[in-house]
Undergrad: 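Have a look at the structure that comes next, please.
Index from 1, following the sequence.
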Amino acid sequence: MINVLLVEDDTTFSAIIESFLKKNGYQVEPYFSISNSIAAIKKNKYDLVLLDYRLGDGNGLEVLDFIQSQGLFVPVIIMTGFSDVRTAVRAMRKGVYDYITKPVNPDELLMIIKEALANPAEKPTSTVRSKRLQENRSNEKEYVKGKSKIANKLHEYIELVAPTDMTVLIRGESGTGKEYVAKSIHENSKRADKPFISIDCGTLSKELAGSELFGHIKGSFTGAVVDKKGQFEEASGGTLFLDEIGNLSYEVQVKLLRALQERIIQPIGANKQIKVDVRVIAATNDDLLGSSAGGDFREDLYHRINEFEIHVPPLRDRGNDLNLFVDFFMKKANEELEREVKYLDEEIISVFESYEWPGNLRELKNVVKRMVLLTQGDTVKISALPEDMVQSIKNNVDTYDISGNDLKSQSEAHERQLIIEVLQKVKYNKSKAAQLLNIDRKTLYNKLDKYQIS
């Protein structure tokens with residue numbers, strides 16, 4: 001029997017979720033506060049945690065922090081209001097498996113739970129995951145390159161740096177596909193037949209990070225009952241991807257800098273030093289240079305990992321690539337959910353083009369999968385989108401005075417100046433600018449190229 005810990009302070013909603021999951025064969029233990037749920041985790045073993053973000057006695061991520069501090073690797077799913085999507089995205093950096101927006105759709109919840117349990121939580125740095133990544137490389141395509149100018153530039157950089165052994169820093173918002181970029185670099189390098197190991201530094205506690213990266217010997221600290229190889233050793237000859245590197249503690253940063261400079265590591269508690277041959281690719285969505293100025297991130301380490309920098313653009317800046325990603329994710333969702341959804345209602349296309357996508361590709365994938373799940377025929381209707389998502393678009397448009405901005409009523413001589421004025425008014429948000437100008441984003445991007453507006 002699968003044991004689920006449900007943490008939700010709305011007792012009515014909690015009872016509904018508990019009843020639904022029990023009917024589907026799950027054992028559910030409901031708790032209504034952070035303190036009680038943490039006490040339960042200390043006593044019992046759970047296969048999955050379903051966690052509300054806003055709780056009466058604090059933030060649900062406090063429960064996640066406790067789980068990670070105990071060295072437990074249990075999939076955690078966050079339930080949140082749609083207005084908190086940015087927060088949910090940040091939560092995924094900390095190791096949350098996925099998030100679901102309220103009001104919760106039962107079928108969507110069940111789908112995500114099954115996916116989480118089918119991919120049981122394991123240490124992000126495990127050799128098992130590394131092998132799985134390499135096996136999936138030839139069996140499953142997880143990403144579309146895109147055809148926009150910005151996409152072409154991204155892949156030019158990948159092809160340029162891949163054959164070298166330079167340390168690469170990948171910058172970009174959460175959900176933009178930074179790990180995909182790292183894997184592409186590895187797969188096009190001389191190390192392609194060696195391990196690719198990915199470590200999410202955001203999920204590593206201060207106590208475990210040093211052990212995961214560099215290993216330890218038996219008895220070096222409480223819980224070290226056997227010798228353990230670090231991931232620098234496991235990735236020997238290959239590539240080590242350090243996602244969200246800015247989350248590493250200062251002490252670990254010191255050891256990492258030495259490993260990069262001298263190609264030598266020293267397991268915790270050991271007297272011996274080990275030579276390593278590993279290419280390091282790091283990723284962040286933080287301002288590491290600003291963090292170094294504040295003393296949170298070593299400036300010398302920043303310059304060491306930044307031999308070559310690649311910026312992965314957010315989805316809102318990728319123009320017509322949005323349509324390619326929608327088609328790609330819809331095809332995958334059809335295969336997984338055994339649906340035959342082929343078309344999108346015009347209203348949905350308009351919403352997609354206007355929405356800012358704070359969660360980028362990860363959020364788009366979730367939204368597309370949700371709408372395919374909720375569609376019975378071959379055409380997706382606007383009702384398959386979360387209500388708050390649609391409402392957020394209307395609210396954004398209502399915020400601005402759009403009188404006199406209709407681009408279709410302007411002569412070509414005035415087009416360029418009007419586009420610039422509207423872009424300045426909306427602080428260069430192209431989705432909002434297109435709405436105010438009464439054109440779609442594709443047309444706006446064409447106009448930007450035509451008038452050489454950067």
Side-chain angles (χ1 to χ4, degrees), residues 53 58-71 76 78 84 86-96 123-125 166-179 181-182 197-216 221 230-232 240-262 264-266 268 278-314 358-360 362:
Y53 175 69
N59 184 316
L61 296 184
E62 293 176 39
V63 179
L64 174 66
D65 290 339
F66 177 77
I67 289 171
Q68 293 178 345
S69 71
Q70 301 301 300
V76 176
I78 288 278
D84 290 324
R86 290 182 187 273
T87 303
V89 170
R90 288 195 296 270
M92 294 186 73
R93 287 175 52 199
K94 294 174 67 68
V96 170
K123 295 184 180 182
T125 59
M166 296 175 73
T167 304
V168 179
L169 177 62
I170 304 171
R171 292 179 58 249
E173 297 176 10
S174 290
T176 50
K178 295 189 290 295
E179 184 165 349
V181 172
I197 291 183
S198 173
I199 302 176
D200 184 351
C201 299
T203 65
L204 296 179
S205 66
K206 180 178 179 181
E207 294 75 18
L208 293 177
S211 171
E212 289 293 340
L213 286 171
F214 311 114
H216 65 249
F221 57 87
Q231 296 310 307
F232 265 90
L240 186 61
F241 175 53
L242 303 179
D243 197 9
E244 301 307 342
I245 192 173
N247 289 299
L248 292 177
S249 69
Y250 197 82
E251 293 79 6
V252 174
Q253 292 176 34
V254 173
K255 295 181 179 179
L256 177 59
L257 178 62
R258 185 186 181 198
L260 292 173
Q261 288 178 335
E262 302 178 19
I264 290 174
I265 63 168
Q266 185 168 343
I268 295 175
V278 176
R279 181 185 195 172
V280 171
I281 300 175
T284 184
N285 66 1
D286 295 326
D287 176 14
L288 292 184
L289 200 54
S291 296
S292 68
D296 294 324
F297 197 84
R298 291 182 63 99
E299 186 175 356
D300 48 4
L301 177 58
Y302 169 77
H303 292 297
R304 186 62 187 78
I305 62 176
N306 194 20
E307 289 185 337
F308 189 89
E309 183 176 298
I310 293 179
H311 177 252
V312 186
N360 292 293
R362 185 184 292 122

Undergrad: Taking only residues two or more places apart in sequence or in another chain, which ones pass side chain to side chain donor-acceptor pair (under 3.5 Å) with Q266?
TA: none

Undergrad: For a quick test of reading the model, state the closest non-hydrogen atom pair linking S174 to N285 and the distance between them.
TA: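 Nearest heavy atoms, S174 then N285: OG-ND2, 2.8 Å.
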
Undergrad: Are K255 and L248 packed together at the side-chain level, in the sense that at least one heavy-atom pair is separated by less than 4.5 angstrom?
TA: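 Side chain of K255 against side chain of L248, heavy atoms only: no contact under 4.5 Å found.
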
Undergrad: So L257 and R298, do their side chains get closer than 4.5 Å, heavy atoms only?
TA: yes

Undergrad: Any side-chain heavy atom of L61 within less than 4.5 Å of one from I78?
TA: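 Answer yes - side chains close enough.
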
Undergrad: Could you tell me the separation between the CG atom of D200 and the CG atom of D243, rounded to the nearest 0.5 Å?
TA: 5.0 Å

Undergrad: Quick check: closest heavy atoms across V76 and V96, and the distance to 0.1 Å?
TA: O-CG1, 3.2 Å

Undergrad: Mind listing the closest non-hydrogen atom pair of G172 and K178 along with its distance?
TA: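 The answer is O-NZ, 3.1 Å.
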
Undergrad: Nearest heavy-atom pair of I245 and A282: which atoms, and what distance?
TA: CD1-CB, 3.8 Å

Undergrad: What's the shortest heavy-atom distance between E173 and P358, and which atoms?
TA: OE1-O, 4.3 Å

Undergrad: Find the distance between CG (L169) and NE2 (H311) and round it off to the nearest 0.5 Å.
TA: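 So the CG of L169 and the NE2 of H311 are separated by 11.0 Å.
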
Undergrad: So which heavy atom on I265 is nearest to which on A259, and how close?
TA: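 So the minimum-distance heavy-atom pair works out to CG2-CB, 3.9 Å.
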
Undergrad: Above 12 or not: heavy atoms from other molecules or residues under 6.0 Å from CD of E299?
TA: no

Undergrad: Side-chain contact test, heavy atoms from C-beta onward, threshold under 4.5 Å: evaluate it for L288 versus I305 and give yes or no.
TA: yes

Undergrad: Do the side chains of L256 and L242 get nearer than 4.5 Å, heavy atoms only?
TA: yes

Undergrad: Got E179 and I170 here, is their nearest side-chain heavy-atom distance under 4.5 Å?
TA: no

Undergrad: Hey, could you give me the CZ/CD distance between R304 and Q261, rounded to the nearest 0.5 Å?
TA: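 Answer for the CZ-CD pair, R304 versus Q261, is 6.5 Å.
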
Undergrad: Quick one: list whatever passes side chain to side chain donor-acceptor pair (under 3.5 Å) with D287, sequence neighbours left out.
TA: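 Once residues adjacent in sequence are excluded, D287 has no partner under the side chain to side chain donor-acceptor pair (under 3.5 Å) criterion.
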
Undergrad: Within a strict 4.5 Å, meaning less than it, do heavy atoms of the L260 and L301 side chains meet?
TA: yes

Undergrad: Does F232 form a side-chain contact (heavy atoms from CB on, under 4.5 Å) with L240? I'd like the steps, not just the answer.
TA: CA-CA 7 Å; F232 265 90; L240 186 61; 3.7 Å; yes

Undergrad: Between N360 and T176, do the side chains contain an N or O donor and an N or O acceptor separated by less than 3.5 Å?
TA: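 No donor-acceptor contact under 3.5 Å links the two side chains.
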
Undergrad: For the atom pair CD1 (I199) and CZ (F241), what is the distance rounded to the nearest 0.5 Å?
TA: 10.5 Å

Undergrad: Just how far is it from atom OG1 of T284 to atom OH of Y302, taken to the nearest 0.5 Å?
TA: 9.5 Å

